[in-house]
2 protein chains.
Amino acid sequence: MATGRTHRPATRSRGIPEATVARLPLYLRALTALSERSVPTVSSEELAAAAGVNSAKLRKDFSYLGSYGTRGVGYDVEYLVYQISRELGLTQDWPVVIVGIGNLGAALAGYGGFASRGFRVAALIDADPAMTGKPVAGIPVQHSDDLEKIIAEDGVSIGVIATPAGVAQAVCDRLVAAGVTSILNFAPTVLSVPDGVDVRKVDLSIELQILAFHEQRKAGEEPGEDAAPQAAAPAAPPAARTTAQGGRKGPDGDVPAVMPA
Amino acid sequence: MATGRTHRPATRSRGIPEATVARLPLYLRALTALSERSVPTVSSEELAAAAGVNSAKLRKDFSYLGSYGTRGVGYDVEYLVYQISRELGLTQDWPVVIVGIGNLGAALAGYGGFASRGFRVAALIDADPAMTGKPVAGIPVQHSDDLEKIIAEDGVSIGVIATPAGVAQAVCDRLVAAGVTSILNFAPTVLSVPDGVDVRKVDLSIELQILAFHEQRKAGEEPGEDAAPQAAAPAAPPAARTTAQGGRKGPDGDVPAVMPA
DNA sequence: CCATCTTTGTGCACGCGTTCACAAAGACAT
DNA sequence: ATGTCTTTGTGAACGCGTGCACAAAGATGG
């Protein structure tokens, strides 16, 4: 997953563990599917399987919510859907602004997942004057000069940043100054925000790198191939490093020591 | 973050904790930036600030790598960049296929983050015959009938799924059967894969819902405004629910009538 | 009304991850 | 050389999250 967090680490929100909160949307999705099939109740076992988690974990998660199931029967689907929706704050409307309408921003604007659950794309904002007024996914793009005004008028508290990394922090600062208190960041940068503002990041590149790590490990474990000989100091003394990382590399494809950003 | 994991839970890969692996790309990015500015060394304090983490955590992370810094001085930037790149497997070339070239798939194809670090878009695959041959981000889209052939020929081990949720599992199964062992899933579904296959998921909707949860909590904490008196209880007592969800909530944020024990 | 069977809710233990705090290592100046 | 100063590397404590295993709750059938 592309999970990045920058949460108040120790603040267990109202007794509900952060890990549980992160799973609630998963349960909700599974429950919604069941609801559409008019299934009246589910056992923790079934629902857990559908959500891809352990049933004991699921029961414990629900216990934090106070949602009660019925022993010997399971959970009432409709009731749980409502309870979780309410807990997540999805019973109200959340206007969202997307800043940076490039390829990604446009894709996000058209993403069905937004509209589906309480989230409404209130505005699309881009710094390029050529984009202004142009409709994307049916919504006209507005110029970033009006950012503050847009946020204020629509009472937007959630912002999505899909700009190039270089301007992400500046955009973030403006959003926060204008009143946004939750940010979903797609730009490959670490954003710094004042206390009270939540930032979650989605980073393509990081996810791929994590996969690559495991992939490499799998390859190295193969019986035929010798495990990475790395451990044996790669040469190059630390202190007086003059670099000249010149040319060493694994047995397979190599890459320059210094990689692009 | 949009992090979803489906990792071998207990398998601490070669002694490097999963949490550390997830941070390495972050360090790498910060280090690369320093490298471009020709900064020769950094202290754990500085680098930690740049990566947005605690310096003690950073030092411990590096200690797992065996990368040595120099006491009193710090870490050699170039050396670390190389070490981390190698550890993450970025010193080799990773061909990647993207399946599902809709808005999102197209955006991903054009995303710079892919090409920048050892990842190469080997192929774009879509089930729509109308897309076949059409170039997206400079790469011609291929039909999904040829999926197996493409994977085999290019030796692809990483696949990105950007299809609608409905077909994600089917696509996933085909990818895995064809030899892919790492999957980055953008479709809002839980994928089930055999052991040995890593899946990471990026889920827009889930990230937003998590933000909404915290946002709601912040709003509820406000002294002035009363918490949203949203939807009147959805009714629907489960089995024999008698809990009148009626009027709950304290003076501050509201809380479901039924709370955890 | 009682017995049986199913499924929840949770006490408990364990392991991972985070953080503190400090000794050791080295740079640098004298 | 010796002393001082900076910064690393890590032992140890703590807290969160996970999963087991079981008692309690309730449904169901006789």
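Throughout, a chain's letter reflects where its sequence line sits, starting with A, and its residues are numbered from 1.
Not one N or O on the side chain of B:Glu45 forms a donor-acceptor pair closer than 3.5 Å with the backbone of B:Ser55.
Using a 4.0 Å cut-off between charged nitrogen and carboxylate oxygen, B:Asp203 and A:Arg29 count as a salt-bridge pair.
B:Tyr64 has its OH atom 13 Å from the P atom of D:dG9, to the nearest Å. Atom pair B:Leu58:CG and D:dT8:P shows a separation of 9 Å (rounding to whole Å applied). For B:Glu45 and D:dC5, the CD to P distance is 19 Å, given to the nearest whole Å. Rounded to a whole Å, the CD atom of B:Glu18 is 14 Å from the P atom of D:dT18. Remark: P of C:dG9 and CG of A:Leu47 are 12 Å apart, rounded to the nearest angstrom. A:Glu46 has its CD atom 14 Å from the C1' atom of C:dT8, to the nearest Å. In this structure, CG of A:Leu80 is placed 12 Å from C1' of C:dT8, rounded to the nearest angstrom. Atom pair A:Tyr68:OH and C:dG9:P shows a separation of 8 Å (rounding to whole Å applied).
Judged by distance alone with a 3.5 Å cut-off, a donor-acceptor contact links the side chain of A:Lys60 to the base of D:dG19. Scanning atom types as modelled, no donor and acceptor separated by under 3.5 angstrom connect the side chain of B:Arg71 and the base of D:dT7.
Closest to the B:Ser43 side chain, of the nucleotides C:dG17, D:dT7, C:dT19, is D:dT7. For A:Pro17, counting side-chain heavy atoms from C-beta on, the closest listed nucleotide (D:dA27, C:dG17, D:dG17) is D:dG17. Among the nucleotides D:dG9, D:dA21, C:dC20, the one closest to any side-chain atom of B:Asn54 is C:dC20. The side chain of B:Lys57 lies closest to C:dT18 when the candidates are C:dG9, C:dT18, C:dA27.
Along DNA chain D, the nucleotide nearest to A:Gly72 and the one nearest to A:Thr20 differ in position, and the one closer to the 5' end is contacted by A:Thr20. Place A:Arg59 and A:Arg23 on DNA chain D by their nearest nucleotides, and A:Arg23 ends up nearer the 5' end.
For the residue pair B:Thr32 and B:Glu36, no side-chain donor N or O sits within less than 3.5 Å of a side-chain acceptor on the partner.
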Residue pair A:Thr41, A:Thr70: steps toward the side chain to side chain contact (heavy atoms under 4.5 Å, CB included) verdict: CA-CA 10 Å; A:Thr41 61; A:Thr70 306; over 6 Å; no
Worked verdict on B:Glu215 versus A:Thr181 for side chain to side chain contact (heavy atoms under 4.5 Å, CB included): CA-CA 7 Å; B:Glu215 199 58 42; A:Thr181 46; 2.4 Å; yes
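Contact annotation: A:Ser44 side-chain N/O to C:dT8 OP1/OP2 distance is under 4.0 Å.
Within the 4.0 angstrom heavy-atom criterion, only backbone atoms of the sugar-phosphate kind lie near B:Tyr75; the bases stay farther away.
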